[in-house]
Amino acid sequence: MTGTTSTDTHCPYCALQCGMRLHPVRPRRPDEPAVEVGERPDFPVNRGALCGKGRSAAAVLARPARLTEPLVRDARTGTLRPATWGEALDRAARGFAETGERYGRDAVGVFGGGGLTNEKAYLLGKFARVALRTPHIDYNGRFCMSSAATAQRAAFGLDRGLPFPLEDVARTGCVLLAGSNLADTMPPALRYLREQREAGGRLIVVDPRRTRTADDADLHLRPAPGTDLALALALLHLVIAEGRVDEKFVAARTAGYAHARAAAMAHWPERAERITGVPVAAMRQAVAMFCDATGGMVLTARGSEQHSKGVDTVGAWINLCLATGRAGRPLSGYGCLTGQGNGQGGREHGQKSDQLPGYRSITDPEARDHVARVWGVDPESLPGPGRSAYELLDSLGTDGGVRALLLMGSNPVVSAPHAGHVTERIRALGHLVVCDVVLSETAELADVVLPTAQWAEEDGTMTNLEGRVILRQAAVDPPPGVRTDLAVLRALAARLGRDGGFPDAAEEVFDELRAASAGGRADYSGISYARIRAEDGVFWPCPEPGHPGTPRLFLDRFATADGRARFADVSHRPAAEEPDARYPLRLTTGRVLAQYQSGAQTRRTPELQRAAPGPFVELHPRLAARLGVTDGELVTVTSRRGQVVAPAVVTGTIRPDTVFMPFHWPGPGRANTLTNPALDPVSRMPEFKVCAVRVERAGEGAA
């Protein structure tokens, strides 16, 4: 496929899915890629801008960063050795079949990834339910925006990361950004906030750290981790007390306000100040900025969502939008800044344990009938809901749990909460098959490792945080010995007795996905590869070929049965784990600019690894002085789940009662060794963003 023409495609990393142009080059050495990344100024999301991750993305296409042949675990030595595709696929399929025969179909599971294309996510869900006949499939996107998705469905009847295109952010009067550091996580998106402020808009940032994003804000609110819910309720209290409720909007387009009002009035500002540490004066300033502006948006990200009360927290932020009439109107609304590249589309079409393609509920008889017809199976043969992501991982290797696992596009040894425990559970599996482009820390534990093609080597669609369905186009051939994930699923299905129904051509899979999604909430049936190419992406829902797509949702009515948005009846409650005498500090986690997620690919990119070579612990100078710690000195951080060692970074950008660690690295500095797997009762989101820890100077000989 490598030729002389350039190829328009998209970045392999975050949910912006920035447009880029790949230019063919002649590699000087075998370890150099055959393409280089260039700008694509005509794509509307990033308008040519790329962050360092995007600019260096081609590095992982070449050796030695990637896998180029299947591996199987040698029964004699216990180590991974090269194998033929035939041997590896036979062994993978045999392990699933034998496990199912011995323990039942529920003993086989599938764990997917938020970076998989829509086609892969769709076919993986079909593979689990038709070839393996198991209910147990979930994906790491459960750790991304599941709390926001659940709250949006409850409030609006539908969830899409942003119900408006990013261009609207630059035109609204006030943005309240809660739990996001766009400057490090989605740098090209920062231009929309800067354009918004240049046009006279205001920016409020809610974050316990003074990040580069917070430095750009008109107002920075610094609540203690785990207290955003109390802050949002107090802001609504002030809106009500100051007579700023949009009574006409509330009466005409919402339901449930009375309960939300009563809950907010129980969270007076002085009470919230004691809980959050945010001064009442700053809360009043935030309300004035938000309500006095022409149009307003609340945008949340993982800082507000990755909590055992994440759904309630997002519900409280949505309440603020509804009470002030900042929803269902132009240049206003609530939105979630999706993190992973296909965190949106990855769950719409069947990777989540409770959903079928098109955002259909797996327990809905009509949904089951529709999807079963597309798949050519009996609806009764489809399994019901399975375990959520952490619950699935927690069950691995246990009696009544999953004993054989297919894992595609995820690295839970680094990325899962309580990662030491999850690693033990993965080791307890009887059979683990990993499909990946690199030998990740999880793949190192597998019985079979299948090397798969990457973003620039295959076609496929993604759905970005706006709900814009875009097309990645292949620019080069994968190396010899590497197959696509779709080809792997087809080969495994055939070995499990399903010779048909698993095409390996991406456009053919997408056409089947369109049929499966038809009539669902996330209706892609009017979208085609040709339309995406011609229109720079198409916004769902798009129910027929002549439909223009839907860049802006809810302007006429919400997606509920009666068209009204629902207020959430929520009250503040503490984090699952609060500081105490033994663990007196709060730990919060996040990302750094040069690394991405578990770092499986960015840690193999020399430019990015030089920029961010390893983990660290941010401490406030007062805390560092109390501990006798100097900048750069190794410290030990301990929680109830484990202990890590990393260098201290002494900085005034963190609260004195809080420490921060990035989560991209394995080994002694693995932040997720510490994090709490306490789950939100509805979304099943783990509480990544706050747990109780203590910090000490590391002893002699520390790692």
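Here, residue 1 is the first one in the sequence, and each next residue gets the next number. Here the structure is a predicted model, which means the values were calculated and not measured.
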Distance (rounded to the nearest 0.5 Å) between [X] [atom1] and [Y] [atom2]:
X    : Y    : atom1 : atom2 : result
L356 : D364 : CG    : CG    : 9.0 Å
S332 : M297 : OG    : CE    : 6.5 Å
L166 : R191 : CG    : CZ    : 11.0 Å
L587 : R694 : CG    : CZ    : 13.5 Å
Q152 : I318 : CD    : CD1   : 5.5 Å
D523 : C542 : CG    : SG    : 7.5 Å

- Over 60° means perpendicular and under 30° means parallel, so classify the ring planes of Y390 and H421, tilted if in between. tilted
- Message: Can you tell me how the ring of F111 sits relative to the ring of F143, calling it parallel under 30°, perpendicular over 60° and tilted otherwise?
- Response: tilted
Consider only side-chain N and O atoms of [X] and [Y], and report whether a donor and an acceptor are under 3.5 Å apart.
X    : Y    : result
E348 : Y524 : yes
D680 : S308 : no
T463 : N118 : yes
S304 : D228 : yes
Y359 : S517 : no
S683 : S147 : yes
D246 : T324 : no

Are [X] and [Y] close enough that some pair of their side-chain heavy atoms sits under 4.5 Å apart?
X    : Y    : result
M661 : E618 : no
L553 : P541 : yes
L162 : C336 : no
L177 : L337 : yes
Y257 : L322 : no
V239 : V245 : yes
T276 : M283 : yes
L16  : L465 : yes

[X] to [Y] - nearest heavy-atom pair and separation:
X    : Y    : answer
M265 : I240 : SD-CG2, 3.7 Å
R684 : S388 : CB-OG, 3.4 Å
V693 : V637 : CB-CG1, 3.8 Å
P579 : R586 : CG-CG, 3.6 Å
V175 : V169 : CG2-CG1, 4.1 Å
T172 : G295 : OG1-C, 3.3 Å

So does [Y] get a backbone contact from the side chain of [X], meaning a donor-acceptor N/O pair under 3.5 Å?
X    : Y    : value
N676 : E687 : no
H267 : H572 : yes
D138 : S353 : yes
R153 : D159 : no
N672 : T675 : no
H307 : G303 : yes
H664 : G599 : no
Q355 : R347 : yes
R329 : G325 : yes
S639 : R641 : yes

Residues [X], [Y]: salt bridge by 4.0 Å N-O rule:
X    : Y    : value
R210 : D215 : yes
R640 : D580 : yes
E242 : R284 : yes
R142 : E391 : no
E578 : R573 : no
D168 : R171 : yes
R197 : D218 : yes
D562 : R557 : no

- Establish, yes or no, whether the cationic atom of R670 lies under 6.0 Å from the six-membered ring centre of F663 and within 45° of the ring axis. no
- cation_pi(R326, F290) dist<6.0 Å, angle<=45: yes
- Could you walk me through whether H237 and L233 pass side chain to side chain contact (heavy atoms under 4.5 Å, CB included), step by step? CA-CA 6 Å; H237 178 110; L233 286 162; over 6 Å; no
- The residue among R209, R212, R591 that forms salt bridge (charged side-chain N to carboxylate O under 4.0 Å, His left out) with D184 is R212
- Task: With side chain to side chain contact (heavy atoms under 4.5 Å, CB included) as the test, would you mind laying out the steps for E466 and Q344 before giving the verdict?
- Result: CA-CA 9 Å; E466 307 167 295; Q344 181 70 47; over 6 Å; no
- Given L231 and V206, is the side chain to side chain contact (heavy atoms under 4.5 Å, CB included) satisfied, shown in steps? CA-CA 9 Å; L231 176 62; V206 179; 3.7 Å; yes
- Before giving the answer on side chain to side chain donor-acceptor pair (under 3.5 Å), spell out for Q340 and N140 the whole-Å C-alpha distance, their side-chain angles and the decisive distance to 0.1 Å. CA-CA 9 Å; Q340 295 189 79; N140 61 19; 3.0 Å; yes
- Task: Check step by step if ring-ring contact (aromatic ring centres under 6.0 Å, His included) holds for F554 and F156.
- Result: CA-CA 8 Å; F554 313 138; F156 307 133; 5.2 Å; yes
- Task: Step by step, work out the salt bridge (charged side-chain N to carboxylate O under 4.0 Å, His left out) result for D216 and R194.
- Result: CA-CA 8 Å; D216 279 351; R194 289 179 175 156; 3.1 Å; yes
